[in-house]
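One structure below.
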Amino acid sequence: MSRTVMADIGSSPLPLLFRRRSSGEIRNLATVSSSILPAFGTVVDDGYSHLNKYVIVPYDQRYRWWQTFLVVLVLYSAWASVFELAFNKTARGPLLIVDMVVDVFFAIDIVLTFFVAYLDKSTYLLVDDHKKIALRYVTRVWFFMDIASTLPYQFIFRIFTGTWHDGEVFGFLNLLRLWRLWRVSEFFKRLEKDTRFSYFWTRLLKLLGVIVFAVHSAGCFYYWLARHHKTPANTWIGTAVEDFKHRSVWLCYTYSIYWSIVTLTTVGYGDLHAVNTGEKIFNMIYMLFNIGLTAYTIGNMTNLVVHAAVRTFAMRDSLNELLRYASKNRLPEGLREQMMAHMQLKFKTAELQQEEVLQDLPKAIRSSIAQHLFRRTVEKSYLFNGVSEDLVSQLVSDMKAEYFPPKVEIILQNEIPTDFYILVSGAVDLLTYKNGTEQFLSKLGAADMAGEIGVIFNIPQPFTVRTKRLSQVVRISHHHFKQMIQPQGEDGKIIIANFMKYLQGLKEDVLQEIPFLTELLADQNQKPTEQNEEQQNRETLESQDANPEGRTGTSSLPGESTIRVIIHGHHPSEGTSSDRLGKLVYLPDSLQDLFNLAEKKFGKRGSTILMADGSKVEELNVLRENDHLFVV
C-alpha cells in the first residue's frame, strides 16, 4: 500500500491533496481502543482487498486470538524456566517435551511476524510491503531475542554430541524465555481498555499474577542457592530437611514457596531462615524488593477502591456544601429538602443524563440517540401534531433531558419564559397562587407540555408547575425554538392551529388565570366560517407587556405577511403596568380603521396615535412589526 501511495504522489498534479487510506476494517468495536488508529483524513475501507497478498492485519480478529493463545504459553514458559533452573532433575522429564512443543508454537509466530503489517510512525499508514516488514523485524532486537528464547538448547546439544548434558548453562539459557513476558503486559493493556471486561477484576488479576510470579521466582532461586552450597546441611532447607537433594522435587518446591510467602508478607516465623552468607545476602535483596512490591500493590489497590467510590465522595461533598449554604442563608426547611432531593437525584441519574454522558460524542451520534429516545414523545405532544419530519428531527436533536424529584417546582408562576417542557414520564400539577393561597388547576402526564403558553405569548409564566413523582422531561429553549420555526412557514401555521385548538379546550378555571385569552378566543369564534381555514394562522393574539421599560413581544411565528403592532389606550408617559394590558393586533389599512379598532378594544375613541417616544404617527406605512402605539 505504501508503494501505491508514493506512486500517486509522484503522478498527481496536486500531491498534497490525495486521500490517505487505511488497511482493513475494524470488525469488533470492543477492540477499537487497542487497534491501530488511522490518521485524520484516512479512509477505512470495507475489507482488506487492497493489501498485498499474504499480509496479516495486526488487529485482525484471528490474529488476536493467536496472540491470546501465545499468552497462555508464555505463562507456562515463565513458570517452567525458573522451575527447571532450580530443580534441574525435571529438565529431562516430561517438561522437556512440553517445552519443545511450546517452542514450536513460538517458532511459528516468528515466521508469521514476517507477514504482519506494521504502522509507519512517520505517516501513520499500514506498511504491507514484505521486504520492509522483514527488514524492520530482523534489524531490531526483537528478532534476536525471539530466536534466542525459542531455540531448544538441550535438544540441539543432544543432536551434535549424542548425549544429554545437565550443566547449569542450559538452565540459565532457558531464562531467556522470560523475554516473552512482554506479551502478557500487552495483553493486559488490551483487557484494561476493553469495556467487555471489568477494569477492577482485570487490574486485580494482573496484580495477583505479579505477586505469584515474584513468590515463585524467589522461592526457586533460594532453593538453587541451597542446592549449590558446598555443605547441604549448612543451608536454610538443610536444617529442616536432611538430605533434601534426594527428596521429592515437589516437597522441596513446597518448602521454597512457603519460605517465599512468609518472607513476602513479613511474617517471619523463623522456622526457615538464612544460615550461610550467600542466603543472608539474598534475603536482604529479596526484602528490599518486597518493599517496592508491597508499595506497588497497595498503591494500585487503593486506586481501585478510591476509583469505585469517587462518585460517592463527590456526592457527599456537594451535599455538605449545600447544607452549609442553606444554613448560612437561613433557607426554609422545605426549600432545603428540595435542594437536597435534586442533588441526590442528580448523582443517581448521572449515567442517564443525556448532556453529561453524551457531551464527548459526535453530534450525529448524539442526535441519533435523542431521536431514538424522545422522538415518539415529541410526535405525541399536541403542539407538534402534523408538523414535518424535518422539524421534529431538529427539535429532538436540540432538546435537553432532565430529571426532577417529587414535589419540586419545574416552573414558577410569573417567572420570565425561557424554556418549555415536554413530559417523557412521571406527572406534574398545574398550580396557581391567589392571595397567598395555592390552588390546583389540572394534572399533566406523559407527552403533555408545560410552559408553552408563556413562551408563545411571551408573557410571564401564568402557572406554577410542580412534580407529583419522579419525572423525566425534555427542555426546549425559547430562543432555539424561534430559530427553528421561523424558516418553516407551513409548520408555523400548523403549530398556531394546534395551539389555538388546545386553548379552546382548556378548562374555564385555567382560562380565567389568563384574562386576555377569553377575548382572544371570542374574536376567533366571531370570524366567518368560510374564512376559518385561510385566517386560522392570522388570529389576533393579545400580549401582556411584562417589561416596564417597554420590552416588545416576541411571539411571532413564520407564515405571517401582515404587520402586527401592540396598541395601548393611554398616553405613553403614563407607562405600563400589569393592569394596563396591551393588545397585539394586525395593523389595519387606514388610520380611521385603527381608531375604530382601538375604540372597540378600550371602549373609548381616540384622535391621536403616538409612539413610545411621544412622536405622532401620521402614516401607517412607516410602522414596523411589534411597534407600540398609544391611542389618546
Under 3.5 Å: donor-acceptor pair, side chain of Asp429, backbone of Leu431: no
Any donor-acceptor pair under 3.5 Å from Arg564 side chain to Leu587 backbone: no
Asn303 and Arg203: side chain donor to acceptor below 3.5 Å: no
Which atom of Val474 lies closest to which atom of Met399, heavy atoms considered: CG2-SD, 3.7 Å
Side chain to side chain, Ile609 and Phe595, heavy atoms closer than 4.5 Å: yes
Met339 CE to Ser318 OG distance, which is reported to the nearest 0.5 Å: 11.5 Å
Worked check of side-chain contact (heavy atoms from CB on, under 4.5 Å) between Arg64 and Arg190: CA-CA 10 Å; Arg64 281 289 172 84; Arg190 292 205 308 268; 3.7 Å; yes
Short side-chain donor-acceptor distance under 3.5 Å, Glu490 and Ser388: no
Heavy-atom donor-acceptor pair, Lys601 side chain to Gly569 backbone, under 3.5 Å: no
Flag, side chain of Asp627 to backbone of Val565, donor-acceptor distance under 3.5 Å: no
Main-chain N/O of Gly445 paired to Asp448 side chain as donor or acceptor, under 3.5 Å: yes
Over 12 foreign heavy atoms within 6.0 Å of OH, Tyr325: no
Verdict with supporting geometry, Gln461 and Gln413, side-chain contact (heavy atoms from CB on, under 4.5 Å): CA-CA 5 Å; Gln461 293 290 0; Gln413 187 174 356; 5.9 Å; no
Flag side-chain contact, heavy atom, 4.5 Å: Tyr403 against Leu470: yes
Check: Ile566 and Lys583 side chains under 4.5 Å, non-hydrogen atoms: no
Exam field: side chain Thr467 to backbone Lys407, donor-acceptor pair closer than 3.5 Å: yes
Verdict with reasoning, Phe188 to Thr202, per side-chain contact (heavy atoms from CB on, under 4.5 Å): CA-CA 7 Å; Phe188 275 102; Thr202 301; 4.0 Å; yes
Polar side chain donor-acceptor pair, Glu438 to Tyr433, under 3.5 angstrom: yes
Minimum heavy-atom distance Gln371-Ser397, with the two atoms named: NE2-OG, 3.3 Å
4.5 Å side-chain heavy-atom contact, Val428 and Lys443: no
Residue pairs fulfilling salt bridge (Lys or Arg N to Asp or Glu O under 4.0 Å) with at least one residue in residues 319-331, sequence neighbours excluded: none
Donor on one side chain, acceptor on other, Ser393 and Arg375, under 3.5 Å: yes
Asp589 atom CG, neighbour heavy-atom count above 12 within 6.0 Å: no
Check: His570 ring centroid to Phe630 ring centroid under 6.0 Å: yes
Pairwise side-chain contact, Leu597 with Asp593, heavy-atom cut-off 4.5 Å (strictly under): no
Heavy-atom check, side chain of Leu395 versus side chain of Phe481, under 4.5 Å: yes
Interatomic distance, Ile453 atom CD1 to Ile459 atom CD1 [nearest 0.5 angstrom]: 7.5 Å
Atom CZ of Arg605: over 12 foreign heavy atoms under 6.0 Å: yes
Donor-acceptor contact below 3.5 Å, side chain Ser381 vs main chain Val378: yes
Pairwise side-chain contact, Tyr421 with Glu402, heavy-atom cut-off 4.5 Å (strictly under): yes
Main-chain N/O of Asp613 paired to Ser615 side chain as donor or acceptor, under 3.5 Å: no
Thr464 and Leu430, any side-chain heavy atoms less than 4.5 Å apart: no
Distance (rounded to the nearest 0.5 Å) between His478 NE2 and Ile416 CD1: 11.5 Å
Atom pair CE (Met301) and CZ (Phe200), whose distance is rounded to the nearest 0.5 Å: 5.0 Å
Trace of the side-chain contact (heavy atoms from CB on, under 4.5 Å) decision for Ile422 with Phe374: CA-CA 10 Å; Ile422 303 177; Phe374 307 123; over 6 Å; no
